[in-house]
Amino acid sequence: LLWNDQRTARQCEQIERAVGGRRALVSLVGNAALTGFTAPKLLWVRDNEPDVWRRTAAVCLPKDFVRLRLTGVPAGDVGDCSGTLLFDPASRTWSEPVCAALDIDPALLPPVFESAERTGAVTDWAAQQTGLALGVPVVAGSGDNMTGAVGSGVVERGIVACTLGTSGVIIAHADTPAFDLPSDGSEPAGRTHTMCSGTGSAGVRGAWCITGCMLSAGGSLKWLRDTLFPGAPYDELMADAAAAPPGAGGLMFLPYLTGERCPHPDPLARGAFVGLTARHTRAHLIRAVIEGVAMGMGQILKIVRSLGVPVTAVRISGGGARSALWRQVLADCLEAPVVMTNADEGPAYGAALLAGVGVGVWDTVPAACRAVITQTQTTMPGGPGAEAYVPARAVYDRLYHDLKDRFASLASIDA
């Protein structure tokens with residue numbers, strides 16, 4: 001079942017009930033129950049395909065199945081396993097309380113390694129099947145967000161990654177595990193995800209990463225273009241947006257086109273233009289989308305800061321990073337320098353660096369990043385018109401809460 005398969009909503013509710021609620025689950029595994037995680041999918045298979053579950057001898061993640069075929073031995077890594085809801089990122093071990101509550105035998109789960117550790121070598125059978133040389137080392141690796149952070153050099157205190165692709169992702173390096181457990185109860189627990197980072201290697205315990213994912217970032221701009229301005233080049237859209245004033249003339253856009261995950265874990269959230277008047281033009285619409293995404297990313301980074309994680313610079317990647325306007329709006333809304341680097345290959349580049357550390361090219365993951373990743377361009381906050389975002393963000397921060405109940409009503413009409 002793919003990460004974006006939504007069939008496991010009932011199993012997510014079941015998991016949170018089994019451990020004593022969402023807050024208890026976040027305390028145990030650093031994350032709330034979402035349909036994208038592994039544990040709800042395992043329960044779905046157990047509930048709906050009992051014959052498959054009875055035949056199950058082991059559970060592994062997709063890349064780890066490839067590893068199993070290459071090496072003949074099961075293994076996982078601390079980062080990817082952090083996304084199963086069965087792993088305690090604080091202790092970097094499988095969570096016995098959660099496995100017990102869900103009646104999942106820990107013997108089904110693989111041994112876990114740091115991301116730059118060797119986990120085996122290519123066997124004779126795998127060499128014959130693939131053409132790889134017998135004995136080639138196989139290194140643990142990690143999930144896409146963790147390897148993406150390594151590929152951007154987000155492996156040391158104060159550095160944050162911002163990926164502006166179809167979705168928008170904030171990944172912050174953390175020296176200690178910090179779980180999103182708001183003390184006043186005004187917001188739900190687990191808006192961000194706390195997972196082990198890809199910074200560990202043989203004999204070196206890694207750090208952690210705090211991640212928040214907005215589901216429709218660049219996807220919002222694509223929707224606008226495809227729906228209202230089909231065929232228009234993105235450069236043309238950006239030029240139009242640059243001609244509109246900061247704050248888009250009081251027009252705001254909520255980017256919840258496919259529901260939302262962070263900062264609002266709400267699958268019923270809906271996108272909206274708010275404040276539309278007859279004087280607003282195409283340029284205002286485009287600018288409102290750019291600003292709405294940037295303000296949402298700012299909300300995610302605010303949660304990260306509230307967990308005690310310092311932010312000194314944000315390293316940006318993804319298609320949206322090519323726009324100077326979007327970089328400036330992000331810098332203003334994130335209240336941090338936005339930095340471009342020479343490494344824009346993302347997760348694949350990070351995986352290569354982990355492999356290099358695993359075979360001894362570099363001693364540690366931070367050393368590898370310092371050796372090969374350089375900053376190429378920096379956009380500082382406080383650009384022309386940045387003061388317009390102060391009152392605009394105050395309004396934006398309230399809009400979801402003002403409309404939340406209406407979103408649920410609209411969803412029932414749609415159903």
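- Under a cutoff of 6.0 Å and an axis angle of 45°, Arg370 and Trp362 do not form a cation-pi pair.
- Between the side chains of Glu291 and Tyr389, at least one donor N or O lies within less than 3.5 Å of an accepting N or O.
- Ion pairing of Glu335 with Arg393 is present here, as a side-chain N (NZ or NE/NH1/NH2) and a carboxylate O approach within less than 4.0 Å.
- Scanning all heavy atoms of the two residues, the minimum distance from Gly249 to His284 falls at N-CD2, 4.0 Å.
- To the nearest 0.5 angstrom, Cys99 atom SG is 9.0 Å from Leu108 atom CG.
- With hydrogens and angles left out, the side-chain atoms of Thr35 and Arg7 include no donor and acceptor closer than 3.5 Å.
- In summary, Lys63 and Asp77 engage in a salt bridge, as defined by a charged side-chain N under 4.0 Å from a carboxylate O.
- Across Phe179 and Val26, no two heavy atoms sit closer than the pair CD1-O, 3.3 Å.
- A side-chain N or O of Asp266 and one of Tyr400 form a donor-acceptor pair less than 3.5 Å apart.
- Across Thr312, Ile171, Val314, a single residue satisfies side chain to side chain contact (heavy atoms under 4.5 Å, CB included) together with Val160, and that is Val314.
- The shortest distance between side-chain heavy atoms of Leu42 and Val59 falls below 4.5 Å.
- Every residue meeting the side-chain contact (heavy atoms from CB on, under 4.5 Å) condition with Asp226, not counting sequence neighbours, appears here in chain and number order: Lys222.
- Remark: Glu117 engages no residue in a salt bridge (charged side-chain N to carboxylate O under 4.0 Å, His left out) (not counting sequence neighbours).
- Note on residues 21-42: pairs passing ring pair (Phe, Tyr, Trp, His ring centres under 6.0 Å), not counting sequence neighbours, are Phe37-His193.
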Please tabulate, for the side chains in residues 124-139, all donor-acceptor contacts under 3.5 angstrom to protein atoms that are two or more places apart in sequence or on a different chain.
residue: Asp124; atom: OD2; partner: Gln128; partner atom: NE2; Å: 2.8
residue: Thr130; atom: OG1; partner: Ala126; partner atom: O; Å: 2.7
residue: Thr130; atom: OG1; partner: Leu132; partner atom: N; Å: 3.1

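- Sorted by first and then second residue, the ring pair (Phe, Tyr, Trp, His ring centres under 6.0 Å) pairs involving residues 59-92 (not counting sequence neighbours) are Phe87-Trp94.
- Each salt bridge (charged side-chain N to carboxylate O under 4.0 Å, His left out) pair with one or both residues in residues 405-415, not counting sequence neighbours, would appear here, but there are none.
- Looking only at side-chain heavy atoms (C-beta outward), Ile210 and Asp180 stay at 4.5 Å or farther from each other.
- You'll find the side chain of Ile316 reaches within 4.5 Å of the side chain of Met340, heavy atoms only.
- The heavy-atom pair separating Ala392 from Met295 by the smallest distance is CB-CE, 3.7 Å.
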